[in-house]
Amino acid sequence: MNCMTLTIPARKECILVMRMTAAGVCALHDLPVDVMEDLRTAIDESCELLLHQDYVAETLTLHCEARKEGLFVSITAQKRTCQQCDDAADADIAKLIIGTLVKEVSLDQDESGVHGVMMTLPAKA
């Protein structure tokens, strides 16, 4: 399996499905348990960031792709409608936290906030 995509409702209680799917992808690629746990934590942080922006997301999509440099993972928010958000997450802090868990991380954002988190995990040693 080189690619996998999963779309879930953008609700906090559905994030467990995304975490379990990512763990399965790690297992399929023989990644160590500590890398799997780091990815699951990075997914939590990413979803928390995406759910606390100046928009309301309808769905979240997880995309995993095996590449030569490692496992590429992205989480994006779809069907966004603008709103005023009093508790918007700080993208810089979230990026720092996620960056401690994965090899590389970048954020896709515009004037309404962050709508995508892309990260790379190290390839199997």
Side-chain angles (χ1 to χ4, degrees):
M1 179 197 76
N2 289 340
C3 280
M4 187 282 315
T5 302
L6 169 74
T7 300
I8 62 169
R11 296 194 316 260
K12 200 168 192 162
E13 61 269 16
C14 295
I15 295 171
L16 177 62
V17 174
M18 194 176 281
R19 287 172 41 95
M20 297 303 291
T21 301
V25 169
C26 286
L28 286 172
H29 291 284
D30 293 325
L31 295 176
V33 173
D34 60 328
V35 171
M36 179 189 332
E37 288 303 317
D38 286 347
L39 176 59
R40 289 165 49 130
T41 303
I43 287 173
D44 281 341
E45 290 293 330
S46 299
C47 290
E48 189 69 23
L49 175 63
L50 294 172
L51 292 176
H52 292 92
Q53 294 296 310
D54 283 336
Y55 60 79
V56 176
E58 187 174 303
T59 59
L60 296 176
T61 298
L62 170 70
H63 177 77
C64 301
E65 182 180 338
R67 297 180 179 172
K68 185 173 27 172
E69 61 273 10
L71 182 64
F72 172 78
V73 177
S74 70
I75 303 170
T76 54
Q78 291 81 36
K79 298 185 181 172
R80 301 174 291 137
T81 55
C82 290
Q83 71 169 5
Q84 196 65 8
C85 185
D86 294 331
D87 66 339
D90 186 322
D92 292 331
I93 292 174
K95 185 176 179 182
L96 285 172
I97 293 169
I98 296 165
T100 65
L101 300 165
V102 299
K103 182 176 163 184
E104 295 175 22
V105 64
S106 63
L107 304 178
D108 191 8
Q109 58 192 92
D110 59 21
E111 63 280 348
S112 66
V114 177
H115 50 89
V117 179
M118 287 68 61
M119 57 192 106
T120 304
L121 283 81
K124 183 182 169 200

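For the pair D44 and I15, the minimum side-chain heavy-atom distance is below 4.5 Å. For the pair E69/E104, no side-chain contact is recorded, criterion being any heavy-atom separation below 4.5 Å from C-beta on. At least one side-chain heavy atom of K12 sits under 4.5 Å from a side-chain heavy atom of E48. At a threshold of 4.5 Å between non-hydrogen side-chain atoms, the residues L71 and V35 do not count as touching.
A10 approaches A57 most closely through the heavy-atom pair CB-O, 3.3 Å. Taking each heavy atom of C64 and V73 in turn, the nearest pair found is SG-CG2, 4.1 Å. I8 approaches C14 most closely through the heavy-atom pair CD1-O, 3.4 Å. Considering all non-hydrogen atoms of both residues, K95 and V105 come closest at CE-O, 3.6 Å. The heavy-atom pair separating Q53 from G113 by the smallest distance is OE1-CA, 3.2 Å. The shortest non-hydrogen separation linking H115 to Y55 is CA-OH, 3.5 Å.
In this structure, I75 CD1 and T61 OG1 are separated by 10.0 Å, a value rounded to the nearest 0.5 Å. Rounding to the nearest 0.5 Å places SG of C26 at 6.0 Å from CG of L121. The CG atom of L39 sits 9.5 Å away from atom CZ of R19, with the distance rounded to the nearest 0.5 Å.
Residues T76 and Q78 bring a donor and an acceptor atom of their side chains to less than 3.5 Å of each other.
In the hydrophobic clustering of ILVMFWY residues, with side-chain heavy atoms under 4.5 Å counting as a link, L31 and L6 come out together. Criterion: ILVMFWY side-chain heavy atoms under 4.5 Å apart, direct or through other members. Under it, M4 and M18 are part of a common hydrophobic cluster. In the hydrophobic clustering of this structure, L101 groups with V117; members are Ile, Leu, Val, Met, Phe, Trp, Tyr whose side-chain heavy atoms approach within less than 4.5 Å, directly or through other members. L51 and I98 fall within the same hydrophobic cluster, where Ile, Leu, Val, Met, Phe, Trp and Tyr residues are linked whenever their side-chain heavy atoms come under 4.5 Å apart, directly or through other members. V25 is connected to V17 through a chain of hydrophobic side-chain contacts under 4.5 Å among Ile, Leu, Val, Met, Phe, Trp and Tyr, so both are in one cluster.
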Next item on the list: Check the pair M20, R40 against side chain to side chain contact (heavy atoms under 4.5 Å, CB included), reporting the backbone distance first and the verdict last.
Entry: CA-CA 8 Å; M20 297 303 291; R40 289 165 49 130; 3.8 Å; yes
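T21 pairs in a side chain to side chain contact (heavy atoms under 4.5 Å, CB included) with only one of the listed residues (L62, T5, L16, I43), which is L62.
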